[in-house]
J.: 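Shown below is the structure under consideration.
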Amino acid sequence: MAAASSAFPAWAQSGTAGTVPQMPTLGGDDIKLTVGHAGVNVGGRTGHAVTINGTMPAPLIRLREGQRARISVTNTLDEDTSIHWHGLLLPFQMDGVPGISFPGIRPNETFVFEFPVIQSGTYWYHSHSNMQEAMGMFGPIVIDPAGTDPVGYDREHVLVLSDWSFLHPHEILQKLKKSPGYFNQQKTTLAGLISGEDGVSASERRMWGAMRMDPRDILDVNGTTYTYLVNGHGPDENWTGLFQAGERVRLRIINASAMSIFNVRIPGLAMTVVQADGENVRPVEVDEFQISVAETYDVIVRPTGDRAYTVVAEAMDRSGMARATLAPRIGMAAEIPPLRKVPTLTMRDMGMGGMDHSGMDHAAMGHDMGSAAAPMDHSAGAMRDPANAPDGMAVGVGVDMISPNPVNRMGDRPLGLQDVDHRVLLYTDLVSLRPNKDPRPPARTLEVHLTGNMERFMWGFDGRKFSELVEPIRFERDERVRVKLVNDTMMVHPIHLHGHFFELVNGAPQGHQPLKHTVSVMPGGTASFDLTADAPGDWAFHCHLLMHMHSGMFNVVTVRPLDGEVA
Ligand SMILES: [Cu+2]
């Protein structure tokens, strides 16, 4: 059933007329990668990228479960580099995080990664040094299962989503540090206020104003500077994946963006989600799903007819889209839907539990927040009231908000999709296809707060930004623990743990909590996962919004004892 792309006749290959027809693919037991500078063409303009083997995205690495991988990485840059194999289970020395699991790869050096391949599914790889990932250093990984694939399909396409800016990422970060709203040009307007058109009431607006926040501040960096790409191609280039009518087509969708969360849909086609983060799930049919940074979703679609379909990956704040086409022939195109109305944050996104629009005007936290007469800094003050802080949180300059009433948002529609009139994937829809390995209930719960100061663009865990002074998070080897993430900020954070899969606590049937490597935690909400700490070593644990990670939302998870170490 599973078809290797090389088996396709020439006419059935994917690509855009006039550009590279197919993603370069590397496989076998001796893979060689070279990191270097390269020019890339985006929207007709040439930019400077950091690439692997000269392409953006980097070549597709195709492995088979049960093989041994040997991947040599040579650095031709004049700065250190590294490659992290995102979602792969491997010895921690091979995880590719400089300063944590290995020293990094110095200029003109080659590092050989060697590890057994003990899983299958859709993954990706990227630099973990500096901000090279944002400059083009990312690529897809597909691991074919050793046995029969439970997912039947006739053809597959890999879709790597990314965000490209001609601004250097350091320049973007500097602009954000100076003015976090720099790229947010969708601020609510006075005209909208008077007409009530944008759905934000006057009292709500006063409160947002008092917090120096804007309810339209949804992505820090967006379409004002980013061109959103599919397999390195901008919307106008129309990357096209081919199909024959009636085929079951597997789309392996990877969000390799630095800072962009997408809502994905294919007007006219239902999508059956069969895999999340490389792990098979019970098939669930939807019309749209959100893919946070670093997540992967595999979907099956069954296009029919002699017609084209548009794949729309709309940035969560509706400031732009990545676009591709599924068609029986190259050169076809379908209608491109316009960008939808900009979504607006709600009270729920401010950590005020169920107090949405209607309930917010009165007595939120005992303050009369809505009345025009109330001094608004009361509410802003309450939002960072240290009395709300849990034990162990540092309430310093790095914290400008503590959710007063965070609620579990695992069953909420993702941000921006609350009001769409079709089926949207929820985290609570995900059910592990096979029973999970560890049936033990967690022996303890660890609460980790995602914290930040929006105005200073500071981010951290439990009020602290990462530095050598921060204590690592310690787990006993093989201990079973529940980790509760509490988002005390008004931004979504895709939280990623290296070296492990965790089970989302999402109400799935016993033993079938879905396995993920990244969980997107909604603003003002909580998300919990159960973890079996079965991979000894030091592992990175961080927000996968690249600039949040760089601004401090990062820590080390230490699983001890190591082999040979006395317990
Ligand atoms: Cu973040």
Side-chain angles (χ1 to χ4, degrees), residues 84 86 97 126 128 131 133-134 161-163 169 172-173 175-177 180-184 213-214 217-222 226 255-262 277 290-295 315-317 345 349-351 393-394 397-403 406 409 414-416 427 447-467 470 473 483-498 502 516-529 540-557:
H84 165 59
H86 187 107
V97 182
H126 60 83
H128 228 288
M131 287 204 265
E133 182 200 315
L161 307 176
S162 67
D163 44 15
I172 293 178
L173 183 54
K175 288 185 191 307
L176 289 171
K177 293 242 183 225
Y182 185 88
F183 297 99
N184 178 11
M213 277 289 301
D214 189 281
D217 198 357
I218 287 164
L219 289 170
D220 297 314
V221 193
N222 60 22
Y226 280 146
N255 188 353
S257 294
M259 292 296 285
S260 306
I261 298 170
F262 295 102
D277 288 5
Q290 181 164 98
I291 185 165
S292 204
V293 175
E295 290 186 316
M316 181 171 69
D317 72 342
L345 293 175
D349 301 317
M350 296 169 59
M393 188 196 282
V397 69
V399 177
D400 68 357
M401 169 177 157
I402 300 164
S403 297
R409 302 193 68 182
L415 205 61
Y427 272 154
E447 198 167 290
V448 176
H449 285 248
L450 320 180
T451 51
N453 181 329
M454 301 276 296
E455 221 182 326
R456 292 172 184 243
F457 206 74
M458 292 170 71
W459 303 99
F461 290 127
D462 294 324
R464 293 175 190 86
K465 86 188 239 181
F466 180 68
S467 72
V470 171
I473 297 169
V483 176
K484 182 181 178 187
L485 302 171
V486 183
N487 189 345
D488 282 316
T489 80
M490 272 174 272
M491 308 227 64
V492 177
H493 301 282
I495 301 297
H496 172 47
L497 173 61
H498 288 219
F502 47 72
K516 291 194 96 264
H517 51 56
T518 304
V519 59
S520 200
V521 190
M522 292 184 76
T526 71
S528 297
F529 61 75
F541 175 67
H542 61 93
C543 178
H544 221 289
L545 294 172
L546 188 66
M547 293 178 192
H548 287 194
M549 178 175 85
H550 271 266
S551 304
M553 201 178 265
F554 184 101
N555 203 351
V556 176
V557 160

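Since the model is a prediction, treat every value here as computed from it, not as a measurement. All ligand and atom numbering here is 1-based and tracks the order in the structure.
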J.: When the ring planes of Phe502 and Phe529 are compared, do they come out parallel, tilted or perpendicular, using 30° and 60° as the limits?
T.: parallel
J.: Quick check, are the ring centers of His542 and His128 under 6.0 angstrom apart?
T.: yes
J.: Below 30° counts as parallel, above 60° as perpendicular, anything between as tilted: where do the rings of His498 and His496 land?
T.: tilted
J.: Show the numbers, then the answer: is there a ring pair (Phe, Tyr, Trp, His ring centres under 6.0 Å) between His517 and His544?
T.: CA-CA 11 Å; His517 51 56; His544 221 289; 8.6 Å; no
J.: How many protein N, O or S atoms are found at a distance of less than 2.8 Å from the Cu ion (ligand 1)?
T.: 3
J.: Taking all non-hydrogen atoms of both residues into account, name the closest pair between Ala258 and Glu133 and its distance.
T.: CA-OE2, 4.0 Å
J.: Between Phe461 and Phe554 (judged by ring centroids, cut-off 6.0 Å), do the two rings come close enough to count as a pair?
T.: no
